[in-house]
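What follows is one structure encoded as structure tokens, with my remarks underneath.
Numbered from 1 within each chain, the chains take letters A, B, ... in sequence-line order.
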Amino acid sequence: MPEAASSASFSTDSSAATSSEAAATPEAALPKTYDPAGTEARWQQAWESSGAFHPDPAAPGEPFSVVIPPPNVTGSLHMGHAFNTALIDTIVRFQRLQGKNVLCLPGTDHASIAVQTILEKQIKAEGSSKEDLGRDAFFERAWAWKAQSGGTIVGQLRRLGYSVDWKRERFTLDPGLNKSVVEAFLRLHEQGLIYRGEYLVNWCPASGSAVSDLEVEMKEVEGSLWHLRYPLTPLEGEASAAGAAPASDHPIDHLVVATTRPETMLGDTGVAVNPSDPRYAHLVGRSITLPLVGRQIPIVADEHVDPAFGTGCVKVTPAHDPNDFAIGQRHGLPQITVMAKDGTMNEAAGRFAGLDRFEARKAVVAAMETEGLLVKTEPHRHSVPFSDRGKVPVEPLLSTQWFVRTEPLAERCRTALDSPAGPEPRFVPERWSKVYRDWLTDIRDWCISRQLWWGHRIPAWFLVSETGGVITEATPYVVARDEAEAWVKARAQFGGGAQLEQDPDVLDTWFSSGLWPFSTLGWPGEGGQEPADLATWYPTSVLVTGFDIIFFWVARMTMLAGAFLQEADPAPGALSQECPVGGRDSWMPFRDVYIHGLVRDENNRKMSKSAGNGIDPLLLIERYGADALRFALVREVAGAGQDIRLDYDRKSDTSATVEASRNFANKLWNATRFALMNLGGETPASLGEPIAADLVREGRPLQLADRWILARLARVNRETAERYGSYGLGEAAKGLYEFAWNEVCDWYVELIKRRLQVPADLEGEARAAALADQRTARQVLAKVLSELLVMLHPLMPHLTEELWHGLAEAAGASAAVGASGLPTVFLALQPWPAVDEAALDGGLEESFAALIEAIRVVRNLRAVAGLKPAQPAPVQFISGREPLAALLRQATPEITALTRAASVSVLSPEEAEAARAATGPQRALAGVSGELQVLLPIEGLVDLDALRGRLEKDIAKAEKEIQGLAGRLANPNFAGKAPPEVVAECKANLAEAEAQAALARGRLAELG
RNA sequence: GCCCGAUUAGCUCAGCGGUAGAGCGCCUGCCUUACAAGCAGGAUGUCGCUGGUUCGAAACCGGCAUCGGGCACCA
């Protein structure tokens, strides 16, 4: 237990001695600066050991659920994860304060191809291979890796203060999720949505596996375009090229094709031209003798060919190019594979067999040149598909794989997006729904099998006895939950004597990730019972993730949910373990999808491992605290979905942005420290709510500043709840920052200091009155502060939890503690405070702003005149506006304290004129704010030049304004067409600016 | 090629029809007993360019430029 650190914290343990001491002599017990390390660890432990975030599906409260995007177990977390975590945790903590039954479910992803790549690299470095190890030993090693990396990740998530339910933590490859995966595969297969077949797939020679279209990235490379001469095969009876060729005066005896991949010509099975191309129309149907190979291949007409590009002739290699594959299909051309799966040429490549594909390219070009068939070579910049993981060009190869038929699933999703009740899911920001929809339109089937080991084994068993003991495209198979069921199915279909072998391949990682929102909640359940978690928390409330995985993950989840979670799940009768899904509004796995941006580095580059510019979140947490990092990340969010930039100095490992948030944490710490020193050992509970009417009755009414801050508090409460609830997290953070610092600390606390300290020499009734008023101030301060802490809790959970307990237990009252000695009552589980509607007072907020401005003018005058801060000076306000004048009179004691005033007087213009008539003009520091004149009538000790400068500046500013306003009013169109209230405001402003200029001129003249 | 962002103070970004804002940084003065991780005061902008709509545009519309991202892709 990290109790040692609690000396730097508000003590919440049962040894109340330190607490009561803290109340009496706070300076002794509380340091001036907040030290997050001990505090954060302690609260994380307390929350978790008390099960604060382990919800009961049967508990009351509207369900609210989030499944976190499971990080890959490929090492440790980066700043993007910290950002995602900060956003999700802010949302779920807010919803918990709203009284909802909140589940936030954590987990990690096995990341099939990424993890296997890492492990194979390690094994290779040891001079071995996964084949040497064998499948079992490899798995053991992979699980050990998972334990280590997963442990690191979970540790990092805990360190951020993530309020997830660790008891429900899942891993995409754990046995429960395997059950979901197998069930999903079975049902899709039964529905005809999974099929197996030989197609052209993206083959990654580096990982030795097929990959999906999404895992292919197009990269621009400098290549060449080789023009090759393909001779026409002479027609029968055509003796030679010089023979009769009635169709043309210029007989054609060859075609020229252009290619970026000459090595594939060995697999050419045709040449295509555009059907409307007059140059070649007469040649369609004739044959070419394929150079180097000698094969006869036909000339076909196909719309795909662009007559304007190159020669208008295209070589067709159906086994090695997606477009050629399609052309081949349309014209019944054979598919000849000339390459093996390791990227070398195979026996079909004849004399080029055994060469690596890039060597073969050179060799083929050389051979063509030798034959005199290379027409020319041009430099050519073009896009080449690269494997995301393997970082090598992928090879389109014919291969037998498993596929998900996506169109029927995508169609459901498109329909849901057009739901009359509003789009499902709802994207925030909305623009991402277009990206999502576009991808779901014209979607291609999803290759889900991977020739890897680390992953969910495909639940298909082959009757290899039917095909000579090996698995081929033609081998019959059964899909089953396990081997026993496979045997039953196999016997039923093929009788006894079968020999079964499970498919050696595994499923694409995203297949299991795609089930995450329901597999983690217990889908499909046992014995036809719907799991309680699924019944309560499905659909989840919101998915929070980056835009980079909308296709990979978001769309896969919605498509797969559409197959399983519909009210009328069309599963055939064979699947009797049907999971009932009654009573749901929607089968969609989430109501909202909140898409956030990426974290960029100080140079505006995306932070990534490969770029080497990542920042370890733990480094910043250690330096500034988890709350500071979280607050900094959320505060950077502008609107929604925009990337954020985190400034960072790599030499010193510091970040000004995070430091600013750390400073804010410290500000809150000190505000609470101030409160503890001034609440006389009382707590918000013992003081009670400051109810205006009661206080009037008790003869200690709310003062002006009290009413003002309570009005502000009510408004900020309302705004903040609205922002948190509508994904305006950055705005919520900024709003609270400004309220806490600029209003509560800078003004309210300063304004009530005088009232909090009752002079010892005060006696009798005056003393009683002062004490009564002190109590009012204490009540308001306690309320404002504790409510502020609740509102800030989603953003800075540890600090606010600590301070809230500090406030609540100020008197040393022992906190509720559990058997472990840790607290059992948490701010995290408190209700959000109700907005005090009666306290809202727009007029007061406005007039108080004028008071603040008046004080600023006084301070500015003092600064300009070079008065020493400690030197008192008389202050005179002249205002013709009664509400403001009254306010100034009322706030005289506060003004005195905040401006070091020797005296404060408030005069009407008439009184001021009369006084001047009586005493003559006096030298004074003068300034204006609106129609308010501020005078500091002091002789001597004043920098007159600076004062003149100040007045001249006032005049210039007023003149500029006058010019603008007068110009506008002079325009007849303005007066005629603008709304009357705008014109009136404009006139009023002009009058005021003119008055200001006149006043300032007058004062300037008086200075002489 | 198509689609989306962005372009405002030195930096990071708000503002989205009525006279330009915040934070950080910068300058000046302060250890004013909650906080120097602080307090007070101050300076700083042809709001990317260009047409248009409007009484009025940083904001709305059209074009252009630059930067960033996504999708597609002609061999």
Query raised in the report: Base, sugar-phosphate, or nothing for A:E985, non-hydrogen atoms under 4.0 angstrom?
Result: nothing

Query raised in the report: A:L633 has an atom CG; how far is it from atom P of B:U12, in whole Å?
Result: 17 Å

Report task. State, yes or no, whether a side-chain contact exists between A:W747 and A:I852 at a heavy-atom distance under 4.5 Å. Result -> yes

Query raised in the report: Looking for any heavy atom pair under 4.0 Å, which part of the strands does A:D746 touch: base, sugar-phosphate only, or nothing?
Result: sugar-phosphate

Requested in this report: Have a look at A:T259 and say if it touches a base, only the backbone sugar-phosphate, or nothing, with a 4.0 Å heavy-atom cut-off.
Outcome: sugar-phosphate

Query - base_contact_polar (B:A40 base, A:R859 side chain, donor-acceptor, <3.5 Å) - result: no

Query raised in the report: P atom, B:C24 versus B:C39: distance in rounded Å?
Result: 9 Å

Requested in this report: May I ask you to evaluate whether A:K734 reaches the phosphate of B:C13, defined as a side-chain N or O under 4.0 Å from OP1 or OP2?
Outcome: no

Query raised in the report: Which is true for A:R261 with a 4.0 Å heavy-atom rule: it touches a base, it touches only sugar-phosphate, or it touches nothing?
Result: nothing

Query raised in the report: So, does the side chain of A:K32 form a donor-acceptor pair with the base of B:C35 at under 3.5 Å?
Result: no

Query raised in the report: Is RNA chain B part of any stem, that is, at least 3 consecutive Watson-Crick or G-U pairs with both distances under 3.5 Å, and where?
Result: B:1-7 with B:65-71, B:10-13 with B:21-24, B:26-30 with B:38-42, B:48-52 with B:60-64

Query raised in the report: Taking only N and O in the side chain of A:K667, is any of them less than 4.0 Å away from OP1 or OP2 of B:C39?
Result: yes

Query raised in the report: Expressed as a whole number of Å, how far does the C1' atom of B:A72 sit from that of B:C13?
Result: 33 Å

Report task. May I ask you to say what A:R856 touches in the nucleic acid, namely base, sugar-phosphate or nothing, with a heavy-atom cut-off under 4.0 Å? Result -> sugar-phosphate

Report task. Using the closest heavy atom to pick a nucleotide of RNA chain B for each, name whichever of A:F547 or A:G312 lands nearer the 5' end. Result -> A:F547

Query - Salt bridge A:R330-A:D302, side-chain N to carboxylate O under 4.0 Å - result: yes

Query raised in the report: Would you say B:A75 has OP1 or OP2 under 4.0 Å from some side-chain N or O of A:H227?
Result: no

Query raised in the report: Which part of the nucleic acid, if any, lies within contact of A:Y624, taking any heavy atom under 4.0 Å across all strands shown: a base, the sugar-phosphate backbone alone, or nothing?
Result: nothing

Query raised in the report: Looking for any heavy atom pair under 4.0 Å, which part of the strands does A:P972 touch: base, sugar-phosphate only, or nothing?
Result: nothing

Report task. Check every strand shown and say whether A:R645 touches a base, only sugar-phosphate, or nothing at a heavy-atom separation below 4.0 Å. Result -> sugar-phosphate

Query raised in the report: CD1 of A:I595 versus P of B:G69: gap in Å, rounded?
Result: 18 Å

Requested in this report: Decide yes or no for A:Y230 and A:V256: does some side-chain heavy atom of the first lie under 4.5 Å from some side-chain heavy atom of the second?
Outcome: no

Query raised in the report: So what does A:H320 hit on the nucleic acid, given a heavy-atom distance under 4.0 Å: a base, only sugar-phosphate, or nothing?
Result: nothing

Query - Sugar-phosphate, base or nothing in reach of A:D647, heavy atoms under 4.0 Å - result: nothing

Query raised in the report: Would you call A:R754-A:E894 a salt bridge at under 4.0 Å N-O?
Result: yes

Query raised in the report: With a 4.0 Å cut-off on heavy atoms, is A:C745 in touch with a base, just the backbone sugar-phosphate, or nothing at all?
Result: base

Query - Heavy-atom closest pair, residues A:H320 and A:E395 - result: ND1-OE2, 3.8 Å

Requested in this report: Kindly say whether the aromatic ring centers of A:W432 and A:Y436 come within a distance under 6.0 Å.
Outcome: no

Query raised in the report: Under 3.5 Å, is there a donor-acceptor pair between the side chain of A:R623 and the main chain of A:D653?
Result: yes

Requested in this report: Say whether, by atom type as modelled, one donor and one acceptor occur between the side chain of A:R279 and the main chain of A:P307 under 3.5 angstrom.
Outcome: yes

**Report entry** Selection from B:U19, B:C73, B:G38 that lies nearest to any side-chain heavy atom of A:W741
**Finding:** B:G38

Report task. Tell me what A:K868 touches on the nucleic acid: a base, only sugar-phosphate, or nothing, going by heavy atoms under 4.0 Å. Result -> nothing

**Report entry** Sugar-phosphate, base or nothing in reach of A:E636, heavy atoms under 4.0 Å
**Finding:** sugar-phosphate

Query raised in the report: Between A:K953 and B:A43, is there a side-chain N or O to OP1/OP2 distance below 4.0 Å?
Result: yes

Query raised in the report: Whole Å only: how far is the CZ atom of A:R600 from the P atom of B:C11?
Result: 18 Å

Report task. Report the distance from atom CZ of A:R635 to atom P of B:C13, rounded to the nearest whole Å. Result -> 14 Å

Query raised in the report: How long is the line joining NZ of A:K434 and P of B:C71, in whole Å?
Result: 14 Å

Query - Distance below 4.0 Å between A:N663 side-chain N/O and B:G38 OP1 or OP2 - result: yes

Report task. Map A:V749 and A:F551 onto RNA chain B by nearest heavy atom, then report which one ends up closer to the 5' terminus. Result -> A:V749

Query - Side-chain ion pair, A:R381 and A:E222, N-O less than 4.0 Å - result: yes

Report task. Specify the separation, in whole Å, of atom CD of A:E750 and atom P of B:U33. Result -> 11 Å

Query raised in the report: Under the criterion ring-ring contact (aromatic ring centres under 6.0 Å, His included), which of A:W669, A:Y737, A:Y624, A:Y34 is the partner of A:F664?
Result: A:Y737

Query raised in the report: Would you say A:R662 reaches B:C35's phosphate, i.e. side-chain N/O to OP1/OP2 under 4.0 Å?
Result: no

